[in-house]
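Contents: one structure, followed by commentary.
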Amino acid sequence: MNPYRTNTAGELRAENAGESVRLAGWVHRRRDHGGLIFIDLRDRWGITQVTFDPERAELFATAEKLRPEWSISIEGEVARRPEGNENPDLPTGEIEIEATKLRVLNESVTPPFEIDREREVDELLRLKYRYLDLRRTRMRENITFRHQVVKHIRDYLDDRGFLEIETPLLTASTPEGARDYLVPARLYPGQFYALPQSPQQFKQLLMVAGFERYFQIARALRDEDQRGDRQPEHTQLDLEMSYTTQDEVLDLIEVLYTEIVEELTNKKLAAKPFPRLTYAEAMDRFGSDKPDLRFGLEIQDISEIARSSEFKVFRGAVESGGSVRGISVGGLGDLSRRETDEITKIATDAGAKGLAFFKVEEDALAGPIAKFFSGEDQDSLLAALAAAPGDYMFFVADRNPVVFESLNRLRLHFRDRLGLADENTLALCWVTDFPLFEWNEDEGRIEPMHHMFTMPQEEDVEKLDSDPLAVIGQLYDLVANGTELASGSIRIHRPDLQQKVFSVVGIDEEEAERRFGAMLNAFRYGAPPHGGIAPGIDRLLMVLRDEPNIREVMAFPKTQAARDEMMNAPGPVSEAQLKELNIALRRAPGSERGSNPAARPSEGNN
RNA sequence: GGGGACGUAGCUCAGGGGUAGAGCGCCGCCUUGUCAGGGUGGAAGGCGACGGUUCGAGUCCGUUCGUCCCCGCCA
């Protein structure tokens, strides 16, 4: 018999009355009535009320000393609570334990914040005392839920013949993409391992190796600045299949995600099967490759009306190869000058030179530029946007990328402003047929949209030479409520085609050999056609748990400045360690921002 | 790298030129049916740090450190 507990604090019910039990856990709350003491005992599974009777003098005297977060073990009899004293808010609320023994396993100093309350606490304090923060309901539930989702994933893939295979954490640096985290190689002075941004090449090599169906709950590391949904290390479901097709990958993930949502959450799926939009369609209708499909406000192209209008800004945009597009928004009432300025700023922040808008009146359009449009043109605009009296129409005239980005941001702004999206609905959709490459303005060169192992659509292969930017890839994203949850592709499996793609992005044979030699070589040994996907686990959990930040679904995240304030990482290392690694520092530790612990604000230490 | 918000008691916050306040928590005492227990008394901070303006600075100005959010960056 376990010396601490026979049952958990979440499982005892009325039918257990009369049983002798032991429970162990923390003092959640104490209610000392002088002549009677109630202790709420908390463990991972729940809360059970324990009573201490003054007739047992010694026991009672110990119970009087109990304080929140003391670790205790109690023994006693399960008793139905007196009539009328049940607590319907507690699963164990029909019973209580009449304590006969109490062991204090460990006292607790007063915690820096209250464990039993859900109020907001400063994030730095939460992270510094993460082991206490994790005791609180929110985090305990999130981390528990995380386990359930990952378990479901493992079972699902195991059922379908997938093998979970680990790949190295110490690997080679790949200069493009995100900045690598580097690890000095002691045995090779001046050389470094890199921590993986993803197991991409390894999983493809596992296909060459014949494992056919691979997955891994893999850590992916990127040394880039943080965001609400980005951490230095995050977790992906990395997955790859041989002899597969895009549809097969999509179906596999679609069923998995449908199960997760329907079996593990109370959320509603907006549509089953998930809508599949091409990249071109998503941009056209929503101005984004990760559209939020929970609401309308779809974008309409009015370039043809603009081309013949009197309004020079509109005409000019179309004549110089851009377009004019707009959305119609109801329910805004009458916007003040200040409000229209704010809305305009959203568009200009996205690169637009301005924002054209009209208020739709009963008989005509109103607004600063209405005078440039004939009655006929006004009717055409109304018809194009299906606008009704009381609506506002907003138009952006510019190069297409600017038009799309501006209207995308406006769409999301009105979603939030007008509460158009139901929080309990998950609009999952696939976006497919992405271009294989995109043009990098800053660097003046072609780059892969996803990565350079993506297979072009068969009919576009010949365009790799003539018009690479027009080549569509066998590339797909899973999107939920405007958030990208997964990204994948069918891969190139032939060395000649891979070499061709390398050359399009400016990697010659010698460089390809040096950096991707293993893979190119592997492809010469009958590499099977293969493809896969890599869903982000953290982002999925954020969406499913309605958490505003990725830190809320990770047990031990880093701060925005990529620090671990609990473990004090990163930190300096000894001169001896550096010497062993053949590393000389260019700057002494402590000379950089944020690197001086002594400069940090002090906080309570009770 | 850039922009914004914030930093006052252990926690959450109010105060905005005249010497610091609330709720919760904490400590003591009282209370036998509470479950955000109740009552009562008490301790606790000099307002992130540094420098300036002022007779006087949480309060105004500057710098700096830190946290969070956004852009850039990043799938």
Side-chain angles (χ1 to χ4, degrees), chain A residues 28-41 47-55 60 64 67-69 79 81-90 92-93 96 109-129 132 176-180 197-198 200 220-232 234 236 289-290 346 349-351 405 409 434 442 448-451 475 477-479 483-489 533-536 538-539 548-549 551 559-561 563 565 593-606:
Chain A
H28 188 62
R29 287 194 189 119
R30 52 185 277 267
R31 292 178 292 281
D32 183 346
H33 287 236
L36 180 67
I37 297 173
F38 297 99
I39 295 293
D40 286 343
L41 183 71
I47 288 176
T48 299
Q49 174 165 287
V50 182
T51 64
F52 291 90
D53 189 318
E55 307 232 329
F60 192 81
E64 277 185 313
R67 291 293 180 275
E69 301 310 313
R81 294 192 186 187
E83 187 79 31
N85 283 303
E86 300 86 357
N87 183 351
D89 297 331
L90 228 49
T92 60
E96 60 196 8
V109 296
T110 303
F113 48 83
E114 291 151 66
I115 309 297
D116 62 334
R117 280 169 220 276
E118 288 308 304
R119 73 149 52 112
E120 291 283 320
V121 177
D122 180 68
E123 277 241 28
L124 189 60
L125 201 66
R126 290 177 60 199
L127 293 175
K128 183 156 186 156
Y129 296 91
L132 297 180
E176 68 285 314
R179 194 177 296 112
D180 285 319
Q197 297 180 24
S198 84
Q200 183 62 35
L221 300 107
R222 303 197 170 95
D223 186 5
E224 296 291 350
D225 289 344
Q226 312 299 293
R227 273 297 187 291
D229 59 356
R230 295 201 319 240
Q231 278 273 307
H234 76 278
Q236 293 181 336
D289 60 3
K290 41 183 187 217
I346 294 168
D349 283 349
E405 179 57 21
R409 291 194 195 183
F434 283 78
D442 300 332
M449 186 90 146
H450 181 57
H451 55 54
L475 238 178
D477 280 4
L478 178 64
V479 174
T483 299
E484 181 198 306
L485 289 188
S487 194
S489 64
I533 192 165
D538 312 278
R539 281 190 189 174
N549 196 289
R551 290 185 297 272
T559 66
Q560 163 124 335
R563 289 193 60 84
E565 291 292 346
R593 164 187 183 269
S595 60
N596 181 7
R600 296 176 168 279
S602 63
E603 82 289 309
N605 52 4
N606 65 326

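This is a predicted model, so every value here is computed, not measured. Here is how names work: the chains are called A, B, and so on, in the same order as the sequence lines, proteins then strands, and each is numbered from 1.
In this structure, A:Leu132 and A:Pro112 approach most closely via the heavy-atom pair CD1-CD, 3.5 Å.
For A:Asp225 against B:G72, a side-chain N or O and a base N or O form a donor-acceptor pair under 3.5 Å. Looking at A:Arg81, its side chain comes within 3.5 Å of the base of B:C35 through a donor and an acceptor atom. Checked by distance alone, A:Arg230 brings a side-chain donor or acceptor within 3.5 Å of a matching partner on the base of B:C74. For B:G25, the base has no donor-acceptor partner in the side chain of A:Arg119 [N/O atoms by modelled type, under 3.5 angstrom].
If you measure from atom CZ of A:Arg29 to atom P of B:U34, you get 16 Å, rounded to the nearest angstrom. Summarising the geometry, the separation between CD on A:Glu114 and P on B:G23 is reported as 14 Å, rounded to the nearest angstrom. B:G10 atom C1' lies 9 Å from atom CG of A:Leu125, rounded to whole Å. B:C26 atom C1' lies 13 Å from atom CZ of A:Arg117, rounded to whole Å. Residue A:Lys128 contributes atom NZ, which lies 12 Å from atom P of B:C11 at whole-angstrom precision. The nearest whole Å value for the distance from the CD1 atom in A:Ile346 to the P atom in B:C70 is 15 Å. As rounded to whole Å, 10 Å separates atom C1' of B:U12 from atom CD of A:Glu120. In this structure, A:Phe60 places its CZ atom 10 Å from C1' of B:U31, rounding to the nearest Å.
Within the nucleic acid shown, A:Glu118 has no heavy atom closer than 4.0 Å to any nucleic acid atom. A:Arg551 comes within 4.0 angstrom of the backbone, heavy atoms only, and of no base. Residue-level contact check: A:His451 touches neither bases nor backbone, having no heavy atom under 4.0 Å from any strand. When heavy atoms are screened at a 4.0 angstrom cut-off, A:Ser198 is found touching no nucleic acid atom at all. Here A:Asp223 lies out of heavy-atom contact (under 4.0 Å) with every strand.
Taking the P atom of each, B:G39 and B:A44 are spaced 24 Å apart, rounded to whole Å. Only the P atoms considered, B:C6 is 27 Å distant from B:C24, to the nearest whole Å. Across the C1' atoms, B:G51 and B:C26 are found 37 Å apart, a figure rounded to whole Å.
Taking the 5.5 Å centre cut-off and the 30° plane limit, the aromatic side chain of A:Phe113 is not classed as stacked on B:C11. Residue side chain A:His33 fails the stacking definition with respect to B:G33, as its ring centre and the base's six-membered ring centre are not both under 5.5 angstrom apart and under 30 degrees in plane angle.
A side-chain donor-acceptor contact under 3.5 Å links A:Arg29 to the backbone of A:Asp116.
Residue A:Arg179 places no side-chain N or O under 4.0 Å from the OP1 or OP2 atom of B:C74. Considering only side-chain N and O atoms, A:Gln197 lies under 4.0 angstrom from the phosphate OP1 or OP2 of B:A75. Not one side-chain nitrogen or oxygen of A:Arg563 sits closer than 4.0 Å to the OP1 or OP2 atom of B:C68. Under 4.0 angstrom from either OP1 or OP2 of B:C27 there lies at least one side-chain N or O belonging to A:Arg67. At least one side-chain nitrogen or oxygen of A:Gln560 sits closer than 4.0 Å to the OP1 or OP2 atom of B:C69. Contact between the side-chain N/O atoms of A:Arg31 and the OP1/OP2 oxygens of B:U34 is not found at any separation under 4.0 Å.
Proximity of the aromatic rings of A:His450 and A:Phe434 is defined here by a centroid distance below 6.0 angstrom, and this criterion is not met.
In this structure, B:G41 and B:C27 make a Watson-Crick or G-U wobble pair, each of the two defining distances being under 3.5 angstrom.
Judged by closest nucleotide on RNA chain B, A:Asp53 is the one of A:Gly84 and A:Asp53 placed further toward the 5' end.
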